[in-house]
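Below is one structure; the comments refer to it alone.
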Amino acid sequence: MRAPLSTAIAIGAGVLTLLGFFIPIEALTSMRSLLIEWAVLLAGVAGLVAIVHLLSVHWRKMTASHNRSVTSAFLLIAFGVTFAAGMVLKPGHPTVQKIVTHIQVPIEASLMGVLAISLTAAAIRLFQRRGGWMSVLFAVSAFVFLILGSGFLSSFANIPVLKNLLAAVNSLPVAGARGILIGVALGSLTTGLRVLLGTDRPYSG
Amino acid sequence: MITILGVLGLGVVFLAAGSIIILRMIGKDHGQPAFRKIAAFDDLKKSIGLAVENGTRTHVTLGKASLTQSSNPSALAGLAALERIARISSTSDRPPIASSGDGGLTLLSQDMLHAAYRSVHAPELYDPGRGRLTGITPMSYIAGLLPIATGEDVSSHVMIGNFGPEIALVAEAAENANAFSLAASDSLPAQAALFASAQEPIIGEELFAAPAYLEAERSHAASLQTQDILRWGVIVVLIGGAILKMMGIL
Amino acid sequence: MAPDLLWTLIAFFLTILVLSYVLGDNALFRMVMMIFVGISAGYGAVLLFYQVIMPRLITPLVTAPPADRMVLIIPAVLSILLLFKLSPRLSVLGNPSMALLTGVGAAVAIGGAVSGTLFGQISGTISLFDLSGLSSAGSAISQLFGGIVLLTGTICSLAYFHFGARKKGEENTGAQPAIIQLLAGIGKVFIAITLGALFAGVLAASLAALIERLDFLINVIKPMIS
Amino acid sequence: MSEIICPYCGYSNDIDALTCLSCKKSLYDDVEEPGNPPQQEGMDWLNTFRGFDTKTNASTLDLKPGDGSTDAEPEIPDWLARIRALKGEEAPPLEDESLPPGEMPSLNNQDADLPDWIKEIKASDSPQPGKENNEDFPDWLRNLSAEENLAPKPEASERSGAALPDIPDDLQMDEPAEFNFDAQSVEGNPIAPVSPPLDIGGLPDEFFQELTAGQTHAAEEIDQPDLDWLLERAQTNLPQEEAAAQPLDELNWQDQPSLEQPEPEPSANESEPVESAELPAWMFESGEPAGNETVESTEIDFASLEGNLTGTGSEDLITTPQEEELPDWLLEDKAAPPAQAPEYLPEAPSDVETGEMPGWLHAVRPIEAAAPKLVKSEEESRIEASGPLAGYQGVLPGQGVVTHYSKPPVYSARMQVTDKQRIYATLFETLIADEARVGAPAAAKTESSQLVIRLAVGLVMVVALLAILILQPGFAAFPTLVPPESVAFYDSVQTLTSATTPPRVLVALDYDPALSGELRTISTSVLEDWMAGNSGLAFISISPAGPALVSELVNTAAIQIPAYLTAERVINLGYLPGGASALAALANSPTRAAPTTLDGLPAWESLLLQGMNTVADFDAILLLTDNAENSRTWVEQVKPAAGDTPLLVVSSAQVAPVLQPYVQSGQISGMVSGFTGGAAYEQLTQSASGPVRRYWDAYQGGMLLIAALMLIGAAVFGIKNIVRRPK
């Protein structure tokens with residue numbers, strides 16, 4: 001068996017956490033809380049390690065003798081400035097918060113705006129990419145809910161039939177969503193169990 | 001004090017675990033079980049093979065789910081698929097790269113690549129630079145993915161994990177670069193966005209079938225069979241519960 | 001120049017550069033993306049240090065009573081081992097830490113899936129058939145009808161994902177029993193409707209973001225013009 | 001990022017590096033070594049795939065001159081290097097092989113199947129007597145021929161007898177479904193043909209040894225006429241479509257009967273080396289000087305072998321190994337110093353003795369059988385002449401690949417073509433060229449249309465929205481139909497804020513900056529109402545950027561309520577890392593999960609939160625979210641711990657359908673989602689100047705515009721699909 005110690009730790013920690021989840025005995029629940037706290041801490045440390053790795057990758061790109069990536073330099077500088085400011089001034093400082101609200105927010109929000117255009121273009125080309133009646137239903141449904149979402153029809157709310165019809169149509173997606181969510185839950189269950197059974201060992205690198 | 005839901009929950013967990021173990025053992029004697037065709041996975045196999053033949057790269061991205069989030073199984077399924085893809089394409093001059101939007105996932109993807117190359121007796125192929133964190137927030141993760149989608153000679157993108165709808169930007173960039181893209185997410189908004197923008201969208205639970213359809217370990221097939229068993233169990237409970245509720249018994 | 005105006009101008013130009021992606025990928029856009037990744041990583045690292053490492057590890061190790069410190073030694077050691085992941089040669093030393101993280105993560109996922117989604121969605125579906133306390137027969141019938149439609153949709157959507165197929169000898173035919181095909185066909189309809197509705201929702205959200213950004217641009221330019 | 005992986009240390013080197021920057025070892029010695037194990041790894045579909053490749057993957061054959069550029073050289077995939085190595089090993093025996101009279105005309109059996117125009121050409125030449133005589137072959141070779149002739153043969157003869165326009169179709173018949181490049185490329189995926197760059201570095205030394213050996217033989221032993229038939233045979237060895245697609249000045253082959261083989265037949269190809277020494281008159285026609293012929297014959301043998309190895313595929317149509325199109329590496333190898341040849345020569349006697357395996361049999365043995373043995377015997381036979389290992393046998397050759405690398409000589413390849421041949425050739429070439437280009441324009445068309453559509457959509461939307469935002473036409477009516485969940489939300493807020501004691505609310509900020517535009521706009525009105533009721537607001541962020549967004553949100557809302565003392569009534573608990581797990585911890589014990597404020601001060605000792613220990617102690621939980629998964633966690637894990645405390649949700653439009661089930665089941669007490677919900681809420685609060693109202697025209701206009709664009713797209717492409725279907 002590969003990585004027996006790690007496998008034992010994964011199974012042990014997982015089983016204890018799981019038991020603490022379903023059996024509300026003080027010993028188990030406190031053990032579960034403790035393990036979750038450790039996991040959150042380790043996730044934080046892993047985040048820092050991965051950030052260092054991200055920087056090293058871009059440093060390599062920047063200093064490569066061929067195909068040198070100039071944009072990587074911008075990444076490293078941006079990181080350096082933000083990190084230094086954050087460490088010195090602390091995250092709550094207005095200047096550090098301005099970095100988020102005046103640099104990160106505009107960029108993210110603009111990317112989201114670009115997504116609106118990309119998705120519209122994708123929707124237009126849907127039938128060019130793939131036919132089939134599922135695509136047709138998807139397009140019809142998207143069209144109907146775009147109209148509903150625009151609030152255009154709510155101007156005709158005084159028509160009782162329309163009101164009931166809209167209510168019925170609005171509840172239709174719930175059925176499919178439930179089916180998908182339950183299916184995803186089943187998949188999550190079996191995937192998680194493979195880790196707890198030790199058949200999946202992604203940590204055995 | 002133990003609640004009924006707690007007992008039921010444990011019961012479901014033990015049932016599923018037992019089923020996976022038994023089906024895995026049975027499978028050893030009876031070979032690979034039959035599954036319905038999912039065209040997207042067939043196309044993925046072809047695409048990986050052609051990436052190997054053409055000396056181009058396969059890119060696997062695992063999403064942004066933290067390991068401490070309840071949506072991490074999608075990433076675990078992605079990791080299993082990554083391991084399989086790394087094995088298959090280890091003959092390529094351009095080994096696959098893995099990207100993710102969470103630190104823990106990044107380290108696991110590096111471990112997975114390492115394990116995959118060791119299993120094909122080519123540990124020297126392992127380069128930690130191919131298991132990358134592209135961004136720490138959901139949108140910066142996507143921003144970091146765009147250069148990979150448009151450069152680095154990637155001919156095949158496999159997106160399996162937890163994404164937001166913004167992943168459609170990557171699918172679009174991949175299509176502009178004439179690359180194959182298979183996308184699967186456990187997030188409903190992302191599935192909707194990908195249905196319109198990805199070449200091969202995978203819907204819902206099919207995400208967890210990726211490793212089994214890529215002919216990974218026997219346990220993956222067993223867990224798919226277990227999903228089927230639990231599915232019909234849930235259906236029976238839904239119908240029975242509805243009838244009992246209507247009769248006022250439940 | 002007032003600092004606020006400077007910040008606003010930075011936001012203005014960044015917005016313009018990102019929106020330039022509408023015209024196609026370009027060097028300036030790529031540059032902004034790299035800056036964005038760098039800044040978010042920098043801010044994320046600061047947050048992780050001040051909001052995770054400090055309050056959960058360093059401060060307690062210094063200030064906590066000895067008994068608690070003994071307990072904290074385990075995560076401290078695991079955290080240190082995790083740092084070895086930075087070295088390809090020594091990365092194997094970090095495996096136990098990753099194993100604990102993965103094991104706990106898997107358990108959290110199972111717990112959430114079973115007691116959260118599975119039980120939650122099943123009870124949510126069943127509760128639609130609770131006809132008690134309904135004033136009139138009409139409302140009972142309409143609720144029952146609605147419940148049956150939703151139940152059918154949920155069941156058929158679930159059936160659509162059924163993976164098993166018939167085997168002819170050793171060959172996988174990929175064919176499924178007629179009843180499953182029928183249910184899956186109906187399930188497809190509900191799934192397509194759901195995805196369509198979600199797609200409209202995503203478009204609405206992203207459109208809102210686009211509108212807000214364009215409004216921001218207008219608000220910056222207006223005073224300059226007037 | 002182009003790179004070469006070092007086979008020794010796995011380090012990623014630059015594209016044109018010859019030695020590894022890390023371990024300083026040559027990157028081109030035995031590069032396929034690491035790749036071997038996976039081939040035995042039991043990935044059936046990929047193995048068959050690779051199997052197909054050596055027979056049919058035309059993209060591997062695309063020997064365009066540009067591809068040979070040294071820049072691209074190191075990018076050669078290992079599998080191609082392996083194939084070349086095998087070709088190299090097969091090459092030398094071809095020079096001195098001889099063919100009994102019976103063998104060669106095996107091609108003539110197909111005369112009946114030939115297109116008329118080729119028969120015409122043939123009629124002008126002396127016909128070839130004799131039949132294919134399989135008795136002369138060893139058993140295993142007969143089996144081999146039989147195997148290789150199985151499926152394609154009947155179709156081949158049948159199709160080759162068809163009219164000229166059919167030929168291109170035939171050319172694709174052997175292409176497996178998996179390799180339908182045209183179909184794939186239309187979809188704009190990587191399956192579109194790629195011509196792999198060429199790399200001498202990627203080739204094993206044996207290849208060069210064989211090459212030099214081949215040249216030596218060619219120069220010393222092969223006399224002029226032999227060279228001619230070699231030239232002809234080389235051309236016949238090419239798959240038909242390759243030959244057919246040759247440029248005009250190369251089309252002399254058309255008056256050669258050897259070309260009467262309109263369908264590439266592996267068995268025929270493989271048995272062709274078994275040719276008679278007494279060659280027919282037509283074979284001796286040549287206008288070329290001996291030297292050229294010598295080299296040319298060798299070259300074309302390689303090309304023909306390549307044909308044998310890689311078989312037919314649509315790409316072969318446009319990749320004819322004609323002289324000027326021969327890749328650099330091939331020409332360079334021929335230019336390698338013959339002096340080195342003897343040292344590397346395999347044990348293949350120049351004159352075949354009775355009872356020994358003749359050279360031609362070497363050539364036609366199955367590659368798998370031949371290659372390893374050949375390499376082994378050669379390595380074993382080699383004796384080191386100098387250095388510390390002098391006298392040792394089986395020492396690996398010291399020469400680096402670079403030493404073989406030199407500027408190739410240029411050879412002319414003038415061919416005499418009659419007008420008639422030129423006409424046929426042009427016609428044939430056009431037909432095949434059209435056929436070969438089926439996929440490419442389609443893909444290009446799709447790609448360009450995709451970019452045009454995106455650009456057009458972008459411009460239309462941006463211009464339309466800017467116009468509406470600037471002009472504020474006020475055409476959109478504010479919604480009068482209010483969703484019940486919004487009404488429930490409004491009622492809860494009113495009930496709590498109108499209470500005698502100001503409520504204390506846990507506000508969970510769980511959205512990314514990407515959607516702050518939408519969520520800030522919606523939640524501003526809501527926060528204004530809470531502030532108007534002097535509520536105590538404890539903010540906790542689930543997203544990393546949350547703490548910064550909190551201050552922005554609070555400041556925006558507080559502008560409308562100047563009396564509200566944010567310093568006293570608002571506390572920022574900062575970022576809560578850990579996602580679902582952290583939420584579970586928050587549900588169990590908020591004091592432990594979020595002990596400090598963003599500034600690091602003890603949060604639960606502050607005036608606002610004094611005496612609070614659980615989430616149930618709050619009067620309400622307000623969740624501002626764009627995240628379906630986390631919302632579910634709030635509902636499933638925090639709400640049960642909160643007991644009767646209402647869970648109110650302000651959500652992005654994108655997660656509304658996911659949260660609907662929880663609204664129906666009552667786990668969410670009230671919800672305002674998207675601009676529509678925000679508008680409904682502002683309608684209920686009778687707010688005349690709410691932020692949503694300002695955007696309402698643009699929002700409704702934008703949504704209707706998108707719907708219209710979708711409709712147009714569906715109509716256009718739907719109709720296109722319907723029109724295309726009959727084809």
Side-chain angles (χ1 to χ4, degrees), chain A residues 29 33 36-37 39-40 43-44 61 64-67 69 90-92 94 96-101 104-105 107-109 111-114 116-118 120-121 123-129 131 136 139 142-143 146-147 149-155 157-158 163 166 170-171 173-174 177-178 181, chain D residues 1-2 14-16 446 449-450 453-454 457-458 461-462 476-481 512-517 545 547-549 551-552 572 574 577-578 581-582 584-585 588 598-600 653 657-658 660-661 664 674 676 679 696 699-700 703-704 706-707 709-714 717-718 720-721:
Chain A
T29 46
S33 308
I36 287 177
E37 271 186 38
V40 169
K61 280 185 174 183
S65 53
H66 291 271
N67 305 321
S69 163
K90 297 205 173 165
V96 178
Q97 299 208 346
K98 279 228 170 354
I99 292 177
V100 176
T101 54
Q104 194 173 339
V105 170
I107 293 174
E108 288 205 17
L111 269 176
M112 201 65 190
V114 170
I117 292 160
S118 300
T120 310
I124 290 172
R125 294 184 51 249
L126 180 65
F127 290 104
Q128 189 187 29
R129 185 181 291 108
V136 174
F143 180 80
L146 275 170
I147 302 293
S150 72
F152 178 70
L153 292 178
S154 66
S155 320
N158 45 7
K163 197 173 178 178
L166 292 183
N170 269 318
S171 66
V174 174
R178 275 215 170 103
L181 287 176
Chain D
M1 187 177 72
S2 304
D14 301 322
I15 185 162
D16 51 357
T446 317
S449 74
Q450 164 185 335
I453 288 171
R454 191 177 182 281
V457 168
M461 282 178 71
V462 169
F478 225 49
T480 50
L481 180 65
D512 293 317
L515 286 168
S516 62
L549 297 176
S551 50
E552 189 188 31
N572 190 346
S581 318
N588 292 341
L598 185 63
D599 307 322
V658 184
Q660 272 298 331
Q664 285 184 354
T676 319
W696 190 247
Y699 175 73
Q700 194 172 88
M703 291 286 275
L704 294 174
I706 292 171
L709 289 170
M710 269 185 72
L711 205 61
I712 293 167
F717 290 112
K720 265 188 180 177
N721 289 349

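The structure displayed is predicted, hence computed values, not measured ones. Naming convention: chains lettered A, B, ... in sequence-line order (proteins, then strands); numbering from 1 in each chain.
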Original post:
Based on non-hydrogen pairs under 4.5 Å, which of D:Gly713, D:Ala653, D:Ala548 is most in contact with chain A?
Top reply: D:Ala548
Subject >> Minimum heavy-atom distance between A:Glu108 and D:Ala514, given as atom pair plus value >> reply: OE1-N, 3.1 Å
Subject >> Enclosure of A:Phe152 CZ (heavy-atom neighbours >12, cutoff 6.0 Å) >> reply: no
**OP:** Side chain from CB out, backbone as N, CA, C, O: work out which of these in D:Gln700 comes under 4.5 Å of a heavy atom of chain A, or both, or neither.
**Re:** both
**OP:** Using a 4.5 Å cut-off on heavy atoms from C-beta on, say whether the side chain of D:Gln450 contacts that of A:Arg125.
**Re:** yes
**OP:** Could you look at A:Leu181 and say if it's the side chain, the backbone, both or neither that has a heavy atom under 4.5 Å from chain D?
**Re:** side chain
Subject >> Greatest number of heavy atom pairs closer than 4.5 Å to chain A - which of D:Leu549, D:Ile712, D:Leu704 >> reply: D:Leu704
**OP:** Pick whichever of A:Thr120, A:Ile147, A:Val174, A:Ile36 has the most heavy-atom pairs under 4.5 Å with chain D.
**Re:** A:Thr120
Subject >> Full working for side-chain hydrogen bond (donor to acceptor under 3.5 Å, both in side chains) between D:Ser551 and A:Gln97 >> reply: CA-CA 8 Å; D:Ser551 50; A:Gln97 299 208 346; 2.6 Å; yes
Subject >> Max heavy-atom pair count under 4.5 Å with chain D, selected residue of A:Ala139, A:Ala43, A:Ser33, A:Gly149 >> reply: A:Gly149
Original post:
Any side-chain heavy-atom pair from D:Pro547 and D:Asn572 closer than 4.5 angstrom?
Top reply: yes
Subject >> Proximity breakdown for A:Leu166 and chain D, heavy-atom pairs closer than 4.5 Å >> reply: side chain
Subject >> Heavy-atom closest pair, residues D:Met703 and A:Leu146 >> reply: CE-O, 3.5 Å
Original post:
Taking every heavy-atom pair that is under 4.5 Å apart, which of D:Ile706, D:Asp512, D:Val658 has the most such pairs with chain A?
Top reply: D:Ile706
**OP:** Could you go through the side-chain contact (heavy atoms from CB on, under 4.5 Å) check for D:Phe717 and A:Leu126 one step at a time?
**Re:** CA-CA 8 Å; D:Phe717 290 112; A:Leu126 180 65; over 6 Å; no
**OP:** Counting only heavy atoms closer than 4.5 Å, note whether D:Ala476 contacts chain A via side chain, backbone, both or neither.
**Re:** neither
